Number of protein chains: 2
Amino acid sequence: MSDATTELDAHAAVLRRFNRGYTQRVGALDDSFLGTGMPLGAARLLFEIGAEPGTTRALRSRLGLDSGYLSRLLRRLESQGLVAVVPDTADGRLRRVDLTPAGRRAWDDLERRSGDRARDLLGPLTARQRARLAAALAEADLLVRAATVTLEPVDPLAAPARAAVAAYVAELDERFPGGFDPGDSGSADAHRLRPPSGAFVVATSDGAPVACGGVQPLGDGRGEIKRMWVHPAWRGAGLGSRLLRHLEGVSRDLGHDEVRLDTNGTLVEAVAMYERAGYRRVGRYNENPYAEHFFAKRLA
Amino acid sequence: MSDATTELDAHAAVLRRFNRGYTQRVGALDDSFLGTGMPLGAARLLFEIGAEPGTTRALRSRLGLDSGYLSRLLRRLESQGLVAVVPDTADGRLRRVDLTPAGRRAWDDLERRSGDRARDLLGPLTARQRARLAAALAEADLLVRAATVTLEPVDPLAAPARAAVAAYVAELDERFPGGFDPGDSGSADAHRLRPPSGAFVVATSDGAPVACGGVQPLGDGRGEIKRMWVHPAWRGAGLGSRLLRHLEGVSRDLGHDEVRLDTNGTLVEAVAMYERAGYRRVGRYNENPYAEHFFAKRLA
DNA sequence: GACATTCTCTGACCTTAGTCAGACGAATGC
DNA sequence: GCATTCGTCTGACTAAGGTCAGAGAATGTC
C-alpha cells in the first residue's frame, strides 16, 4: 500500500470521525425544525420557499421531491395560511409559490430558532475558541464545497456560460492596468468552443457560477485552453487545478496531443498554477494583445 | 448591541452556513446506510452492535430507542441471520446481543461503504488540500466536542470518578520527576468531596472520562479545588477554563467566598491557566509535599 | 387543427419510525 | 414465600415520508 493511499485513508478516517461526532451533537440542529411542531418535510419546504420563492418546479429540483408529494406538502402549508400558490402568468401550467405574511413570520421563527441553537452551541466556548471554531468550519466549508462542485459541459452561449464569462471579463477589466475589452470574440468564436470542435465547462454552486473554462482547436492536433476563471471567494481550494486537469482531459478526448494557453502577467496566481501543473513556457503563438506569457503541455 | 454579541452572531452564522452546506453535500454519508437496502434504523442498530456488543439495555440508551421498537428491530435482524440474541447468564431478564459471522460481514460492508464515501469526497482534492481539510475538521471536532461535553456531579467513589482520578494520578506519576504517590487520600477524603461538604464533577464523552475536578471545604468560608484534570487529547479547547469556572460556581453555591488551590511547577499549562483566570499567588496553606505554587481567588 | 409534451394534482398504496399499554418471566427486598 | 420491581416482548395504533399511475389542463409542434 502506497503512502498516498495511507494518507488518503487517514484523512478519510478524520472525516468519518468528524461526521459521527458532529451529526450526533449538532445534527440536532436539523431537528430544530421539529421545535415548531411542523413535520420536517414541511419545515424544510417552508424554509426553501422563504429563502427563494419561485415555481414549484424549481422547488422540486432543489429539494429533490416527487411532484405528488410536493403538491400535498404545499396544500398543507396553504391550508395553514403560510404560503400562497398562484398560476404563473406566462405559463399557465406552472405554479408560483411565495410566503404569506403569516408564512414569513413562521419563517422568521425558524431562522430565530436555528440561530439560537447555533449560539447555544458556541456559548460554552471562549471568544478565542469560537473564533478558532469559526475559522476551522469556514476552511472546511470552502474545501468541501470545492470538492463537491461538479464541472458541467455547457453551450458557450447558454445562460450559465454567459454569467461565468461575464464575471471573468469583469475581473480582467478590473485587474488589467488598462482594462480589458473582450471585443466581439464571445459570440463570434462560440462555435469553436462547442462540440465537435471544442467544449466549454462551467462549475456552479447553488445556482451561481464559481468557475469556467473552455477548449478550442488550434490546428495540428493542438488544443487551446480559453477563458479559465475561478470565483475569487473559491480560490485556494484547488478548484483551479482541478478545472485545469479536467480541461486537459477534454482536450485529449478531442484528439489533441498538446494543449496551449496564454495569460497576462497581472494574473500571478494563474501563472504560478500553470507552472505547478507542468506547463512549459513557449513563444508567442497568437496576436492576443493582452497575452504576455505563453504555455504548452504535452498530453499523455 | 455589544461587540461580544455581534461577534457571537457572526460565528453562529458561519456555523449555520457550514451546517447547511455540509449536510447537503456530505449528509448523504448517513444515507450510505441506505445503499445496503437496509432501513436506516436497522443499519444504525447493526452498526452499534458491531462497534460494541452488549445488552439490549445498553443499546437502548446509546441509541435512544423505545424498548418495543428495539425488540422489533432486533427480531428483524435476527430473522436475517445477522445478530444473535441470548439471555444473559447472570441476569435472566437481560438479553445479550452480538453479531453472527454473517452480521459481521454486513457490518464490514457498512464500514467499507462509509469509507468509500469519505474517500470519494476527498478524491477531487490534492493531498495538500486534503491535509488542510482534515486539520480543519479535527480542530472543529475537538472544539465542538469540548463545547458539548456536559459536566456531571458524581460521587467521588463511583466508577466515572475513579476512572478519571486514575487517569489524573497516572499522568502526575509520569510527569513529576520523582513520580506521584496519592497515598490513601482517595477513599479517606471522599466524604469531603461529596455533598453536603463538597462536590466532584466529571465530564465524559462516549463513556470515557475527559475531565474531572472537585471542591472540598477548607474552613473559614473557603473552598479548595482538588484533582482538576483534563484529558491530554482534549486540551486547548477551553475545557479546562470551563471546568475551572464551573468549580468556582460550585464552591460559591457551597457558601464559600474564596477558593484556593495548589499545584506543581511541572504543570506549566495549569499554572498559566490559573493566572489567566484571575488567581493570585498566596503562601503555602497546607503540607502537600507535591505542591509548589499556591493560588487563591475571591468569589463574587 | 391534430398531436405530443409538459406540468400539476389526486387517489391508492407502501415502508419506516415511533408510541403506548399491557402480558409475562426473572430478580430483588422483606 | 410473597409482593414489588425490572426488563423484554407483543399487539394495536399513528404520523411521516415517499412512490406510482393516471386524469386533466396548458403549451408547443407540425
Side-chain angles (χ1 to χ4, degrees), chain A residues 23-24 27-28 30-49 53-80 82-98 110, chain B residues 23-24 27-28 30-49 53-80 82-98 110:
Chain A
T23 52
Q24 209 179 349
D30 296 312
D31 300 347
S32 77
F33 287 132
L34 295 175
T36 62
M38 204 183 287
L40 182 66
R44 276 212 313 155
L45 178 58
L46 184 74
F47 180 83
E48 280 297 325
I49 295 171
T55 62
T56 60
R57 202 192 166 190
L59 286 170
R60 210 146 44 85
S61 80
R62 258 194 286 162
L63 288 164
L65 296 176
D66 173 86
S67 69
Y69 186 32
L70 175 63
S71 176
R72 240 176 291 271
L73 284 175
L74 278 176
R75 201 133 337 98
R76 179 174 184 153
L77 291 176
E78 217 176 1
S79 76
Q80 293 176 288
L82 299 176
V83 308
V85 183
V86 295
D88 189 285
T89 47
D91 185 338
R93 291 170 303 183
L94 301 173
R95 304 283 133 131
R96 309 209 124 259
V97 191
D98 204 347
L110 280 180
Chain B
T23 53
Q24 211 179 348
D30 296 311
D31 300 347
S32 77
F33 287 133
L34 295 175
T36 62
M38 204 184 287
L40 183 66
R44 277 210 314 155
L45 178 57
L46 184 73
F47 181 82
E48 281 297 325
I49 296 171
T55 63
T56 59
R57 204 189 165 192
L59 286 170
R60 211 146 43 84
S61 82
R62 259 194 286 162
L63 288 164
L65 296 176
D66 174 86
S67 70
Y69 186 32
L70 175 62
S71 176
R72 239 176 292 270
L73 285 176
L74 279 177
R75 200 126 337 97
R76 179 173 183 154
L77 291 176
E78 218 177 359
S79 76
Q80 293 177 288
L82 300 176
V83 308
V85 182
V86 295
D88 187 285
T89 48
D91 185 337
R93 291 171 302 185
L94 302 173
R95 305 283 133 132
R96 309 208 124 260
V97 192
D98 203 347
L110 280 181

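To find a chain, count down the sequence lines: A is the first, B the second, and so on, and within it residues start at 1. What you see below is based on every heavy atom in this structure, not just the backbone, and it leaves out hydrogens, waters and symmetry mates. Computed from a prediction, not measured in an experiment: that's the story for all the values here.
In the 5' to 3' direction, nucleotides of DNA chain C lying under 4.0 Å from heavy atoms of chain A begin and end at C:dT6 to C:dA12. With a heavy-atom cut-off of 4.0 Å to chain A, the contacted part of DNA chain D has its first and last nucleotide at D:dA16 to D:dT27.
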Exercise. Kindly indicate, with the supporting measurements, whether the criterion side chain to side chain contact (heavy atoms under 4.5 Å, CB included) is fulfilled by B:Q80 and B:R76.
Key: CA-CA 6 Å; B:Q80 293 177 288; B:R76 179 173 183 154; 4.0 Å; yes
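Each of B:S67 and A:A42 has a nearest nucleotide on DNA chain D; the 5'-most of these lies closest to B:S67. Take the nearest nucleotide of DNA chain D for B:T56 and for A:G64: the residue whose nucleotide is more 5' is B:T56.
Annotation: the span from A:L45 atom CG to A:R62 atom CZ amounts to 9.5 Å, rounded to 0.5 Å. Of the inter-residue distances, the one linking A:L74 atom CG with A:L82 atom CG reads 11.5 Å to the nearest 0.5 angstrom. How far CZ of A:R95 is from CG of A:D88: 9.5 Å, rounded to the nearest 0.5 Å.
Side-chain atoms of A:R75 and A:S71 include a donor-acceptor pair closer than 3.5 Å.
Of all heavy-atom pairs between A:L46 and A:L77, the closest is N-CD1, 4.2 Å. Among all heavy-atom pairs drawn from A:R60 and A:L65, the shortest one is CG-O, 2.9 Å. When all heavy atoms of A:L59 and A:L70 are compared, the closest pair comes out as CB-CD2, 4.5 Å. Across every non-hydrogen atom of A:V97 and A:P53, the tightest pair is O-CB, 3.5 Å. The minimum heavy-atom distance linking A:E78 with A:V83 is given by the pair CG-O, 3.6 Å.
As judged by a 4.0 angstrom heavy-atom cut-off over every strand, B:R72 is placed among the base-contacting residues.
DNA chain C is contacted by A:R93, A:L94, A:R95 of residues 87-97 of chain A, taking any non-hydrogen atom closer than 4.0 Å.
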